[in-house]
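Each chain gets a letter, A, B and so on, in the order its sequence line appears, and its residues count up from 1. We use all heavy atoms of the structure for the numbers below, so side chains are in, but hydrogens, waters and symmetry mates are not.
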Amino acid sequence: MPTVGVKRDLLFKALGRTYTDEEFDELCFEFGLELDEITSEKEIISREQGDSKASGASDIILYKIDVPANRYDLLCLEGLVRGLQVFKNKLEAPRYRRVSPISGEPQKLIITKATAAVRPHAVAAVLRNITFTQERYDSFIELQEKLHQNICRKRSLVAIGTHDLDTISGPFTYTAKPPGDICFKPLNQTKEYTATQLMSLYKTDSHLRHYLHIIEDKPVYPVIYDSNGIVLSMPPIINGDHSKISLKTKNVFIECTATDVTKAKIVLDMMVTMFSEYCSQPFTLTITGISCQHFKKIAQLLTRMCLRSQATGVGDEIEVEIPPTRSDVIHACDIMEDAAIAYGFNNITRTTPRTYTVANQFPLNKLTELLRQDLAAAGFTEALNFALCSQEDIADKLGKKISETKAAHISNPKTAEFQVARTTLLPGLLKTIAANRKMPLPLKLFEISDVVLKDETKDVGASNSRRFCAVYYNKSPGFEVIHGLLDRTMQLLEVQPACGEGYHIQAADDSTFFPGRCAEIFVRGKSVGRLGVLHPDVINRFELTMPCSALEMDIEPFL
Amino acid sequence: MAKRLGQSISKTAGLLWCSGCSVVSTSQKWCMEGQRVNLLQGPGRPRPDMHGECGPISQKSYRSTNPWKILLLPVHGHPTSQLTGFKGSATNALVPDTTGHLQRSCKGSSMADAGVVETLLRRIEKVDDGVDSLEVANSLGVDHQVIVGAVKSLQSVGDVISAELRSSKHWELTEEGMEIAENGSHEARVFSSIPLEGLAQSELMKLSFGKIGFSKAMSSKWIRVDKTHEGGPRIFRTVESIEDQVREKLLLVQKGNTSQLEEKEKNELKKRKLLSEVTVKTYWITKGNSFSTTITKQETELTPEMIATGNWKEKKFKPYNFEAMGVAPDSGHLHPLMKVRTQFRQIFLEMGFTEMPTNNFIESSFWNFDSLFQPQQHPARDQHDTFFLSDPALAHEFPQDYLERVKKVHSEGGFGSQGYKYDWKIEEAQKNILRTHTTAVSARMLYKLAQQEKFTPVKYFSIDRVFRNETLDATHLAEFHQIEGVVADYGLTLGDLMGILHQFFTKLGITKLRFKPAYNPYTEPSMEVFSYHEGLKKWVEVGNSGVFRPEMLLPMGLPEDVSVIAWGLSLERPTMIKYGINNIRELVGHKVNLQMVLRQPHMSTGLLSFT
């Protein structure tokens, strides 16, 4: 959820009244925003860098407002104010239309085929006769940045360039060239660089280096020229210095280059609609409409959400105009939501659906619930461990090879703790004991939970297996205790001790266990798990010091 | 449900930490108490201990009790069967003796000889008012503690005597003070050891009292030093005779005439560590209501013999100390988070919801995202947010028709939607991940439902693990449990969703709810659920909810007039808030504090009520 920081007093001035913090919080809640934090630049700097750095900073109060991720039109002061004003019936929902320049032809952006290899789409618009103030200018830059971070997916989908139109002349050309052939003076630099040089220059730039990867390994880089061959920008990295905008800029040329043309259009619409109010002829763009069927009253509600609506008079149909600012509206249900918001979610009568259904438990979970109760009654305490762990936990530490484990491997773990999904519950219980060495002996723990194993028969190639694991940790191994727990478990599961149709255990070799102290559990002739006294090496590797016996078995065969 | 379920609960958890503190400190206290053991019987029950016994291992040989196992396991011997019984009860000596239900029988009673007790009782009998324990000790020539022991043991047998604790202060000579009282002060001894012809300073300093005495005698101007004397500095008397006041004052104290000294003088001597002020605690012992010089021995506990012979009728029993803690029952415990899970499960079952099979942690991106109409460039599908798998890396089977419909609705729209209009790729959908929400299972279930010949209304729920490749902190782990409820029926409304949520949360003990518009990629409308926290006097987020988008449901093949409403919340956050646990690692994972597991109360009602 993006957060927008606005100066409180500026916001109230634009809203035409002041609010207490509580009142404003309430207004946000109704509209679906969240007043996340009330702070100031000074406070932020002092928190992040210490009091000493903050002394000169501004202490003007800032509101940090959380905006829903799909409402790009609320990412700046202008959009927020417009949205809230219309919501409170203080402003009519704006209607945007495109205007042609008073004199001359509209500007043109020519896209060459070469761009297909790197960044195939571009759209552009002009804001005419705009008047910037410092605040408006800051907000303009900030909106660009917010869009870059959110819908533009850090410039990978869309990159925005803004230029002082009066320093350049159309028609413009969007093309792509080998990096060595592109040469210009980039924004805020004093000399010209080739694109190749720029890429190495920006390697160390804390801001720009994050975008280099988008085009770095491409044979050609995108670039926009004006009719005189002046470079406007090399998207998505940097603009040219020549056409940079300033407070004095009157006409702004905005270009959006993209890999996703739908998003490029949305972004351009946002930039234009948000700042058109500072143009001498505000709100200039057009849009198509979709319609939805419902009661007439809804029209008024929708209009409060910047969706101009009117009953058509045909049945209970109403026509809704979707402004370019509301790219989130792609289905009638999006419009209905806005009607509900305007009506107030909390004003809707709460009803009880008459859906009649009979509850069923998932049999495996039902069995698990029943067993857990009885295992606790048998004196064992339940542990709850992570399903993810390191390769070492499930292999090396247990004296096994990772290749034997059927483990599912994670490709992007941030730390070794998340390398694999566990294939056994035992390491988790042993780690729990290690973390609780201060507890009185004996320690008797169990866990019933899922492990994950590769499984060719499943669509995703892996499946869960519900396991029961128990450990007994004391000065003596206590095999008989763990064995007794197995007997009790089988009693609960109504399996008799007998070969063939019942259960029995049989000596087995397993590197996790002490030689001669491991047995395999057979139920109706099928192996379901093992129990035994852990190998001293295993005990050491889990940083334990006492003998320990353990049991782990599959419980799904008992369903 | 949502990508960031209950995120603001995490903020709230921060606010709640203050209230959590008290719980944490309680646990520490509890741990200390955990060390206690009851002295119910003389030697006490042996306590399993790190340094202690191995616990009650079967006294009989393991083999002999279970012939069946021997049949199958001819080789595996049990070393433990050699160990029988407990290893004594040496630990008892370490146990604080204030906690048993039987008031402590002071060491006086056994060793103190009945003789002292009897003598004491006779002394008390003789006097009208009472006796002082110290005086009795002095006159009997025994240590005062022996009399104190006798008093305590008499107190424990009922109202035989009454003893009032008195404390008095008096001045006593220190060891050094005693020496001075006997031999004179250091300075006086210095004076007297100097002959008329004087003494070399080096000689004087060799004497034990030389150094201190010299400076005191100098300041009293009793002596002088001739530094120019040949053969080194030499000391001479300056006065004929002296009066050793220090010694005289100490003698006064020694004789018990302390009152003749002024406070200032006493403090001066105290500073010189010659005097010390001692507090003496004694008992003023008088007859009790049931005073008697003969004491019958009290029994500690009822025995089988007493019951058999009936002689309990003649016995007197020691009173219990009901202030003491009981012995913790010897049992296992369920994990607190799992207990809360059981409660949530119960609530869903009571409301007629059927449990979904969520035992598939690994899911394809298709079911986790695409089927939910979550676009392929959505940030949740980033490496930073989701765990992808390298092995098995891809999913292979998909319902082909359905996959085509999903592709179309994403890239071109349809079903009344404009779609996202981007190039949808099967390669992206195939990528296996650890599911980021259980809604992936809901999608599978709804798809399955849509394949039925005739639609039937359903109510589904699940509570299971989900995974996020997030930066970890005190309230975020890479895995947590998601609770989810889903209802599919004809014509369900937003009002129905709010009504069901109201019923659901009422069962949790939360009645004040309100709803905030929100955004989820696969629900429209979407509502965050807030509950009023009586303690914090503010609204806190307790869950997320919404109506599934037509772009998700219609490609599955569900009838157009069927709505599906759903909500979700995390299991951990409300549990943390409820129990004031401020670090999620204390609740989940191997770093869990097992003491915490042991102390959690049973929860039957008001599971989460914020009071």
Using the six-membered ring of A:Phe29, assess whether NZ or CZ of B:Arg514 lies under 6.0 Å from its centre and within 45 degrees of the ring axis. yes
Check whether B:Glu551 gets within reach of chain A through its side chain, its backbone, both or neither, counting any heavy atom under 4.5 Å. side chain
Given heavy-atom pairs under 4.5 angstrom as the criterion, report whether the side chain, backbone, both or neither of A:Ala340 touches chain B. side chain
Answer with side chain, backbone, both or neither: which region of B:Gln377 has an atom nearer than 4.5 Å to a non-hydrogen atom of chain A? both
Test: A:Arg350 and B:Asp496 ion pair at under 4.0 Å: no
Looking at side-chain heavy atoms only, is the closest gap between A:Asp459 and B:His396 below 4.5 Å? no
Let me know if A:Phe446 has heavy atoms under 4.5 Å from chain B in its side chain, its backbone, both or neither. side chain
When you look at NZ of A:Lys414, are more than 12 heavy atoms from neighbouring residues, nucleotides or ligands closer to it than 6.0 Å? yes
Toward chain A, the part of B:Val487 with a non-hydrogen atom under 4.5 Å: side chain
Salt-bridge present (A:Lys444, B:Asp330; N to O < 4.0 Å): no
If you take all heavy atoms of B:Phe387 and A:Pro413, which pair is closest and at what distance? CE2-CA, 4.4 Å
Turns out that what part of A:Ser465 lies under 4.5 Å from chain B's heavy atoms comes down to neither
With the side chain counted from C-beta on, respond yes when B:Glu524 and A:Ile335 share a heavy-atom pair under 4.5 Å apart, and no when they do not. no
Check whether A:Val358 gets within reach of chain B through its side chain, its backbone, both or neither, counting any heavy atom under 4.5 Å. backbone
Using non-hydrogen atoms and a 4.5 Å limit, figure out which bit of B:Asp391 sits close to chain A: side chain, backbone, both or neither. both
Go through B:Ser331, B:Ser390, B:Ser364, B:Gly491 and name the one with the most non-hydrogen pairs under 4.5 angstrom from chain A. B:Ser390
Below 4.5 Å from any heavy atom of chain B, which atoms of A:Arg466 appear? Answer side chain, backbone, both or neither. side chain
Below 4.5 Å from any heavy atom of chain A, which atoms of B:Phe515 appear? Answer side chain, backbone, both or neither. both
What part of A:Leu157 gets within 4.5 angstrom of chain B, counting heavy atoms only: side chain, backbone, both, or neither? side chain
Checking heavy atoms, do the side chain of A:Leu443, its backbone, both or neither come under 4.5 Å from chain B? side chain
A:Phe386 and B:His590 aromatic ring geometry - parallel, tilted or perpendicular at 30°/60° bounds: perpendicular
Name the region of A:Ile151, side chain, backbone, both or neither, that has any atom closer than 4.5 Å to a heavy atom of chain B. neither
Considering only heavy atoms and a distance below 4.5 Å, find which of B:Gly495, B:Pro550, B:Ser462, B:Ala395 pairs most often with chain A. B:Gly495
Quick check on A:Arg372 against chain B: is it the side chain, the backbone, both or neither that has a heavy atom closer than 4.5 Å? both
So do A:Glu369 and B:Met338 actually touch side chain to side chain, heavy atoms under 4.5 Å? no
Please flag which part of B:Thr493 lies under 4.5 Å from any non-hydrogen atom of chain A: side chain, backbone, both or neither. side chain
Can you say whether A:Ala378 sits under 4.5 Å from chain B via the side chain, the backbone, both, or neither, judging by heavy atoms? neither
Chain A contact via B:Leu501 - side chain, backbone, both or neither, heavy atoms under 4.5 Å: neither
B:Arg465 bridged to A:Asp450 by N-O distance under 4.0 Å: no
Contact class of B:Leu492 relative to chain A, heavy atoms under 4.5 angstrom: side chain
The interface call for B:Gln503 against chain A, heavy-atom contacts under 4.5 Å, is side chain
Between A:Phe345 and B:Ser526, which heavy-atom pair has the shortest distance, and what is it? CE1-O, 3.6 Å
Which region of B:Asp382, side chain (C-beta onward) or backbone (N, CA, C, O), has a non-hydrogen atom less than 4.5 Å from a non-hydrogen atom of chain A, or is it both or neither? side chain
Rounded to the nearest 0.5 Å, what separation is found between the CG atom of A:Asp334 and the OH atom of B:Tyr519? 9.0 Å
In terms of heavy-atom proximity below 4.5 Å to chain A, should B:Val547 be classed as side chain, backbone, both, or neither? neither
Counting only heavy atoms closer than 4.5 Å, note whether B:Leu513 contacts chain A via side chain, backbone, both or neither. both
Give, as side chain, backbone, both or neither, the part of B:Phe415 having an atom under 4.5 angstrom from any heavy atom of chain A. backbone
Segment of A:Leu430 engaging chain B (4.5 angstrom heavy-atom cut-off): neither
Which atoms of B:Leu337 approach chain A - backbone, side chain, both or neither, heavy atom under 4.5 Å: side chain
Can you confirm whether B:Thr354 sits close enough to A:Phe362 that some side-chain heavy atom of one is under 4.5 Å from a side-chain heavy atom of the other? no
Side-chain heavy-atom pair B:Arg549, A:His331 within 4.5 angstrom cut-off: yes
A:Glu30, part contacting chain B, at a heavy-atom distance under 4.5 Å: backbone
If you compare all heavy atoms of B:Gly419 against all heavy atoms of A:Ile330, which two are closest, and at what distance to 0.1 Å? O-CG2, 4.0 Å
Would you mind checking if A:Lys458 and B:Glu397 are paired as a salt bridge, meaning a charged N to carboxylate O distance below 4.0 Å? no
Using heavy-atom distances under 4.5 Å, tell me whether A:Ser463 contacts chain B through its side chain, its backbone, both, or neither. neither
Okay, A:Lys263 and chain B: the region with an atom under 4.5 Å from a heavy atom over there is side chain
